[in-house]
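The structure appears right after this line, and notes come after that.
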There are 2 protein chains.
Amino acid sequence: MKIPAPVSKRIALYHRCVATLLSEGKSTTSSQELGERLVLKPSQIRKDLSYFGEFGKRGTGYDLKDLRLSLENVLKINKTWNVCIVGAGNIGTALANHKEFLKEGYKIIAFFDRNTSKIGKKIGEKGILVYPMSELEDKVRLLKIEIGVIAVPASEARNVSEMLVKVGIKGILNFAPTKLKLTDAEIEDVDIAVSFKTLTFKMGVREIERNRSNCKENN
Amino acid sequence: MKIPAPVSKRIALYHRCVATLLSEGKSTTSSQELGERLVLKPSQIRKDLSYFGEFGKRGTGYDLKDLRLSLENVLKINKTWNVCIVGAGNIGTALANHKEFLKEGYKIIAFFDRNTSKIGKKIGEKGILVYPMSELEDKVRLLKIEIGVIAVPASEARNVSEMLVKVGIKGILNFAPTKLKLTDAEIEDVDIAVSFKTLTFKMGVREIERNRSNCKENN
DNA sequence: TAGATTGTTAATCGATTAACAATC
DNA sequence: TAGATTGTTAATCGATTAACAATC
């Protein structure tokens, strides 16, 4: 079945919300409660979940533990994913130091960089090794790496993405400000510069509205 | 006029693409060319641009310099925005060291942290000072800060967001995995954990398709 | 004029939502 | 049984796209 793109995004949010509710000591929830927390319509949540099965009980709602497990299966985080980061810079280091990702099933186990001064160094608190690009293929096989994070400048991103696909990587998290056009891997973009610009765009729109309503007040 | 949310996102992409084309020495472009680069339909690009004005010339396309300027006005990056980062951790440091943002009009000029051991320290290559939370109001006024980046743990995010709004911040870039519910500021979420999960979800869907088509081959 | 490409309208497509029967 | 809440259908809403007149 074809899953609408917005649904894929929201499923991850549901999973997090369910985990939060569990950590608060709750044992059941409803589409109503999830909707309040995530600012979504209950009917949308029920519809989204229905793409993947029937997880609730009519009259009583959802068992949180069951739902969390079901969502983990849907999101494929019922296993640990080994992740490499190409580009041993600031973003890569920040990711490596972030404990949350490991907890959620994403284990960063290798860096790759073409800068010889970085090769052999250990990155971050966990001391993750930086390998040369020439070892990409070997290490991906040896360490069973399935996900590649692209944290290099835009100019190198396309090249790196092709190298990753060539060695069998099937999923790429792309921090570079470049549209990658690959057919053999799934790509998810994290584009901070675009987020900044979207933010100031929306601030501009709101400012205009504020001015308009002020104007009306004065009439 | 109400601008659809997907349009706000794409406008930032158009701006970047136009800048790239200019840096390649080109002087004009077309909705066709932009569409190829960004993997979008030319008609969508023309429609999106039409929300903000008429930027092209029939028969010849768009003048790149003109279009870039127009898009900078739309995105409100015809000025420099002063930005503070709350949370002097790894993500904040990565942002502070990233030269691209300053180039695009976002100037990170202050850190805030409640951890006393970090206060007074200088962060990153540019040595940006860390202030205590108690100075938030003063510094925001003094340094004309208009945007706040939330780079604290989820548990503190809501609190920090309310403090930011209270001192007059009108735009928030939120890296914390929490849904913020503010009405007095625009919020843009950067949610890396959700991106990871969306990625593995899509990888799972594709794997299923691969298996199905393999299965068919064998019949 | 002929060719190209825009801006805009109308048609299509897809996502969201309300409503409700099913059922705990 | 009465109350609650699901899963699902059908209606609504909104975004994308094709088509084309306008015009460079």
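By convention in this document, chain letters (A, B, ...) are assigned in the order of the sequence lines, proteins followed by strands, and residues within each chain are numbered from 1.
- Among the heavy atoms of the strands lying under 4.0 Å from B/Glu54 are primed sugar atoms or P, OP1, OP2 only; no base atom is included.
- Atom-to-atom, CG of A/Leu34 to C1' of D/dT6 comes out at 13 Å; the value is rounded to the nearest Å.
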Strand DNA chain D as a dot-bracket string - pairs counted if Watson-Crick or G-U with both distances under 3.5 Å, | where the partner lies in another strand: ..||||||||||||||||||||||

Take A/Glu207 and B/Lys170, measure what salt bridge (charged side-chain N to carboxylate O under 4.0 Å, His left out) needs, and give me the verdict at the end. CA-CA 9 Å; A/Glu207 172 115 41; B/Lys170 290 278 180 284; over 6 Å; no

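- Residues passing the ring pair (Phe, Tyr, Trp, His ring centres under 6.0 Å) test with B/Phe52, sequence neighbours excluded: A/Phe201.
- Nucleic acid contact class of B/Phe55 (heavy atoms, under 4.0 Å, all strands): sugar-phosphate only.
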Heavy-atom protein contacts under 4.0 Å, nucleotides 18-24 of chain C, coded B base, S sugar-phosphate only, - none: BB-BBBB

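- A/Phe52 has its CZ atom 18 Å from the C1' atom of D/dT6, to the nearest Å.
- Contact annotation: A/Tyr51 does not reach the phosphate of D/dT8 (side-chain N/O to OP1 or OP2, under 4.0 Å).
- Atoms CG (B/Leu40) and C1' (D/dT16) sit 11 Å apart, rounded to a whole Å.
- Between the CD1 atom of A/Ile45 and the C1' atom of C/dT16 there is a distance of 13 Å, rounded to whole Å.
- Distance B/Gln44 CD to C/dT9 C1': 16 Å, rounded to the nearest Å.
- A donor-acceptor pair is defined here as one N or O able to donate and one able to accept, closer than 3.5 Å; no such pair exists between the side chain of A/Lys9 and the backbone of B/Thr198.
- Of the residues in residues 7-33 of chain B, B/Arg10 come within less than 4.0 Å of DNA chain D through at least one heavy atom, sorted by number.
- With sequence neighbours excluded, the residues forming a side-chain contact (heavy atoms from CB on, under 4.5 Å) with B/Ser43 are B/Lys41, B/Arg46, listed by chain and number.
- Note on B/Glu146 versus B/Lys79: salt bridge recorded, some NZ/NE/NH1/NH2 to OD/OE distance being below 4.0 Å.
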Check nucleotides 11-14 of chain D for protein N or O atoms closer than 3.5 Å to its own N or O atoms and list the pairs.
none

